[in-house]
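What follows is a single structure, written as structure tokens, with notes after it.
Both counts, for ligands and for their atoms, begin at 1 and track the order of listing.
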Amino acid sequence: MLSVVVDQPQSMAVCERPTPDPAPGEVRVRVRYAGICGSDLHIFHGKNPFVAYPRIIGHEFVGRIDRVGDGVDTSRIGERVVVDPVISCGTCHACRIGRQNVCSQLRVIGVHRDGGFSEYACVPARNAYVVPDGMAETSASVIEPFAVAANATHRTGVLPEDVALIYGAGPVGLNLMQVLKRVYGVRTFITDHVDERLALARGCGAEADEVINTLREPLEQALARRGVEGGPTLIYDAVCHPSILEEAVRIAAPAGRIGVLGFSATPSAIPQQELTKKELTLSASRLNCAMFPTVIDWITRGLVNPGHIVTHQFDFRDVAAAFDLAERHPQQSCKVLLDFGEDSHGS
Ligand SMILES: [Zn+2]
Ligand SMILES: [Zn+2]
């Protein structure tokens, strides 16, 4: 099989690898589409502390089960599936209280073990969720980033009277926009420096006055001009620069909640006084905690539309060009998919 392998930081190639056989409890997926995520770029650049090289990357993928390991019902062969990348131990404290996405032994497909940028990938059978008939595979390939947004909103909670603010109109920010507007129906502002991304936010449900280019309009003035008094009550940082959290803590309304999604190692300077005075809640959110069924339901009911963020598809052999586009041309692209084609050369 052909796989996209990062053998060390800054070194990526499409390589011939032996096609793996599924271990007991696993299924083998013939991958069809896989989405490029910011964290794949981080692995490529050597900025993910959890990854061991060489690694077949990719954790957002969809395909068809073509083989199953011992203990897995053979009737699953042929199923179209989307893969939840979170593998947990089931016995640690976090797992026992239903927070398995922060398992002490967490293993993420495409990070700690080989992932979906490959013609074939073996994954635990329980991580492979059936894609309903009628759902396009390109749509199903962005269920994982929607699950990230679903998890963040689950962690903060969403109240009908919330006024929400999302920093950053990348794939995660735009998915948050759809979830907040279309699932919860709350007023939601979104910021970015790139007008093309803010135009995509309009397609994700944002009203004209809910998009703010903070290069042109200082955020607090923009919110005041739009009638937001006392600050947003619900904030998500989908930019994840340390300065954003500092600003979010400063502008949040009393009793506000802030969803934290970043992986920066640089400290943010946050006065305890701001947190305590307003009784702010910081809700960190990592990956997703069993959110795939929720997202599949939202898409099936037409509440959210994954097509709004998919801007490009590349043949996987052109992964270098796809990475270049995703990284260097945010005004031209949002979610970029790799196409691994239909089944051709068997196992
Ligand atoms: Zn991702
Ligand atoms: Zn665990």
Metal-centred angle, SG of Cys103 through the Zn ion (ligand 2) to SG of Cys95, rounded to 10 degrees: 110°
Between Arg55 and Val5, is there a side-chain heavy-atom distance shorter than 4.5 Å? no
Any side-chain heavy-atom pair from Val31 and Phe117 closer than 4.5 angstrom? no
Check whether any side-chain heavy atom of Pro145 lies under 4.5 Å from a side-chain heavy atom of Lys335, and answer yes or no. yes
Heavy-atom distance under 4.5 Å between the side chains of Cys289 and His154, does that happen here? no
Check: Tyr53 and Pro9 side chains under 4.5 Å, non-hydrogen atoms: yes
Proximity of Phe50 and Phe263 rings by center, below 6.0 Å: yes
Among Lys181, Arg187, Arg257, the one residue meeting salt bridge (charged side-chain N to carboxylate O under 4.0 Å, His left out) with Asp162: Arg257
Near the Zn ion (ligand 1), meaning under 2.8 Å, the protein N/O/S atoms are Cys37 SG, His59 NE2, Glu60 OE2
Using a cut-off of strictly less than 2.8 Å, determine whether Cys92 has an N/O/S atom near the Zn ion (ligand 2). yes
